[in-house]
There are 2 protein chains.
Amino acid sequence: MNKYKELGLKSTPQRLSILAFLEGNTCHPTAEEVYRHASKKFSTMSFATVYKTLETLKQQGCLQEVTIDPEKRHFDPNTERHQHIMCTKCKKIADVFVTFDLTLPEKDVQGFQITGSHVEFYGLCPKCKGEGTMQKR
Amino acid sequence: MNKYKELGLKSTPQRLSILAFLEGNTCHPTAEEVYRHASKKFSTMSFATVYKTLETLKQQGCLQEVTIDPEKRHFDPNTERHQHIMCTKCKKIADVFVTFDLTLPEKDVQGFQITGSHVEFYGLCPKCKGEGTMQKR
DNA sequence: GTACGTGCAAAGGTTTTGCATTACA
DNA sequence: TGTAATGCAAAACCTTTGCACGTAC
């Protein structure tokens, strides 16, 4: 009994390979990366299958979309509440497991009924930080 | 002496109309919306000009990109530090002018040198909230 | 056996690019 | 007048869709 069956979905080798790649993956892959990995195992794997599967998993709440990078859509199999940090140079995204009190004063919610929040941090990753100005001899 | 000249850029009527549409605009328009507006004044306005101008303004720090909506890229002429809230139903984005202490403990930054942060709130806007379940008679 | 999933190819949408023309400074 | 911006069309992406075929259950 795997995750797909638990959800009442058909379990196929293609779907299983996509899930296997995602589970425990903290690299926040793009659809293209999921496709690249899955097509190593299934040479006939198509983007249609990848996108449809990602969308299905998202609908089922097994997958989140990370919006921190304006250039690309990234997916995150960790659906627990957590934050992200992105390197503005190499675009690497890491998880941040710190919780904040993000309650908004009534006067600032503008009538919205708030259901969630997410914090994005920007900065330089250890690698890019070092390469910074190349002043080190 | 307008903003473009101050930045050492050429001032053109097309660029001025784009800036005029953006300045003070709190609707977080997409490139398409900027184009639609600007092409009313300039029937020859092209997407190329819109995108190039938006990119230029972004480079100059006169414009931010809002990443809250995974489906569309939105632009925000307000470059002061502020947060956003998006209606998950109608995708409307509003500004939130509340500041939070988002300092990360050293052990959680994973060697990153943090340069900024942004909070995204999700919820239902006043309009969509009311339409919720249609149970009202 | 049947409904659902796959995979191809085509379409749709968005953003970028090359290049000739135009216009600002 | 020289340089930078415009605007067209084409290309490059990324994502979705339709449909015939295949497969899990």
Side-chain angles (χ1 to χ4, degrees), chain A residues 1-22 28-60 62-75 91, chain B residues 1-22 28-60 62-75 91:
Chain A
M1 196 67 172
N2 63 47
K3 203 156 191 172
Y4 292 108
K5 294 191 185 175
E6 280 170 26
L7 298 166
L9 300 166
K10 280 191 185 166
S11 176
T12 67
Q14 290 89 335
R15 285 184 162 181
L16 288 170
S17 81
I18 290 173
L19 198 54
F21 177 64
L22 289 170
H28 312 89
T30 61
E32 212 267 329
E33 283 158 355
V34 174
Y35 169 77
R36 270 215 306 274
H37 182 90
S39 58
K40 275 182 199 159
K41 313 227 163 160
F42 292 89
S43 53
T44 59
M45 175 70 69
S46 73
F47 266 106
T49 300
V50 170
Y51 278 109
K52 283 169 188 169
T53 302
L54 291 176
E55 183 58 30
T56 301
L57 290 171
K58 204 172 113 185
Q59 297 287 340
Q60 297 291 335
C62 302
L63 196 59
Q64 274 192 338
E65 214 168 316
V66 181
T67 59
I68 197 169
D69 181 0
E71 289 168 22
K72 277 179 181 153
R73 294 166 67 184
H74 296 261
F75 294 89
K91 316 298 178 191
Chain B
M1 196 68 173
N2 63 47
K3 202 157 194 172
Y4 292 108
K5 294 191 184 175
E6 280 170 26
L7 297 166
L9 300 166
K10 280 190 185 168
S11 175
T12 67
Q14 290 90 334
R15 285 185 161 180
L16 288 170
S17 82
I18 289 174
L19 199 54
F21 176 63
L22 289 171
H28 311 88
T30 60
E32 211 268 330
E33 283 158 356
V34 174
Y35 169 77
R36 271 214 307 274
H37 182 89
S39 58
K40 276 181 198 158
K41 313 227 163 154
F42 292 87
S43 52
T44 59
M45 174 70 70
S46 73
F47 266 106
T49 300
V50 171
Y51 278 108
K52 283 170 188 169
T53 302
L54 291 175
E55 183 58 29
T56 301
L57 290 171
K58 205 173 113 185
Q59 298 286 341
Q60 297 290 335
C62 302
L63 196 60
Q64 275 191 337
E65 214 168 317
V66 181
T67 59
I68 197 168
D69 181 359
E71 289 167 23
K72 278 181 180 149
R73 295 167 66 184
H74 296 261
F75 294 88
K91 316 298 178 189

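Naming convention: chains lettered A, B, ... in sequence-line order (proteins, then strands); numbering from 1 in each chain.
By the side chain to side chain donor-acceptor pair (under 3.5 Å) test, T56(A) pairs with no residue at all, sequence neighbours left out. Among residues two or more places apart in sequence or in another chain, the side chain to side chain donor-acceptor pair (under 3.5 Å) test is passed with H74(B) by D69(B). In this structure, S39(A) has no side chain to side chain donor-acceptor pair (under 3.5 Å) partners at least two apart in sequence or on a different chain. With sequence neighbours excluded, the residues satisfying side chain to side chain contact (heavy atoms under 4.5 Å, CB included) with F42(A) are P13(A), Q14(A), S17(A), M45(A). For the side chain to side chain donor-acceptor pair (under 3.5 Å) test, no residue two or more places apart in sequence or in another chain qualifies with T12(A). Judged as a ring pair (Phe, Tyr, Trp, His ring centres under 6.0 Å), and not counting sequence neighbours, F75(B) has no contacts.
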So which protein N/O to nucleotides 13-15 of chain C N/O distances come out below 3.5 Å?
residue, atom, partner, partner atom, Å
dT15(C), OP2, Y51(B), OH, 2.1
dT15(C), O5', Y51(B), OH, 2.9

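Under 4.0 angstrom from either OP1 or OP2 of dT6(C) there lies at least one side-chain N or O belonging to R15(A). Between T49(A) and dG5(C) there is no side-chain polar atom (N or O) within less than 4.0 angstrom of OP1 or OP2. Between S46(B) and dC8(D), a side-chain N or O to OP1/OP2 separation shorter than 4.0 Å is absent. The side chain of Q14(A) contributes an N or O atom lying less than 4.0 Å from OP1 or OP2 of dG7(C).
Summarising the geometry, atom CZ belonging to R73(B) is positioned 13.5 Å from atom OG1 belonging to T67(A); distances are rounded to the nearest 0.5 Å. Atom-to-atom distance recorded for L19(A):CG and L54(A):CG is 10.5 Å, nearest 0.5 angstrom.
The two residues F47(A) and A31(A) come nearest to each other via the heavy atoms CE2-O, 4.2 Å.
Closest-nucleotide positions on DNA chain C for T56(A) and S43(A) were compared, and the one nearer the 5' end corresponds to T56(A).
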Open item on the list: So if I define the base as every atom that isn't primed, P, OP1 or OP2, how would nucleotides 18-25 of chain D read as a B/S/- string at a heavy-atom cutoff under 4.0 Å?
Closed with: B-----BS

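Note on the helix from dG1(C)-dC25(D) to dA25(C)-dT1(D): terminal axis deviation equals 40°, with five pairs used at each end and the result rounded to 10°.
Applying the salt bridge (charged side-chain N to carboxylate O under 4.0 Å, His left out) test to pairs two or more places apart or on separate chains, those with a residue in residues 34-46 of chain B are E32(B)-R36(B). Residues in residues 42-60 of chain B take part in these salt bridge (charged side-chain N to carboxylate O under 4.0 Å, His left out) pairs, two or more places apart or across chains: K58(B)-E65(B).
The nearest whole Å value for the distance from the CD atom in E6(B) to the C1' atom in dA25(C) is 16 Å. One can place CG of L7(A) at 15 Å from P of dC4(C), the figure rounded to the nearest angstrom. Between F42(A) atom CZ and dC8(C) atom C1' there is a gap of 17 Å when expressed in whole angstrom units. If you take CG of L54(B) and C1' of dT6(D), they are 15 Å apart, rounded to a whole angstrom. For L57(B) and dA5(D), the CG to P distance is 11 Å, given to the nearest whole Å. Here dG7(C) presents its P atom at 15 Å from NZ of K41(A), a figure rounded to the nearest Å. Distance, M45(B) CE to dA9(D) P: 17 Å, rounded to whole Å. dT15(D) atom C1' lies 12 Å from atom NZ of K58(A), rounded to whole Å.
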Below 3.5 Å, can you tabulate the donor-acceptor pairs from side chains in residues 3-10 of chain A to any protein atom, sequence neighbours excluded?
residue, atom, partner, partner atom, Å
Y4(A), OH, R15(A), O, 2.6

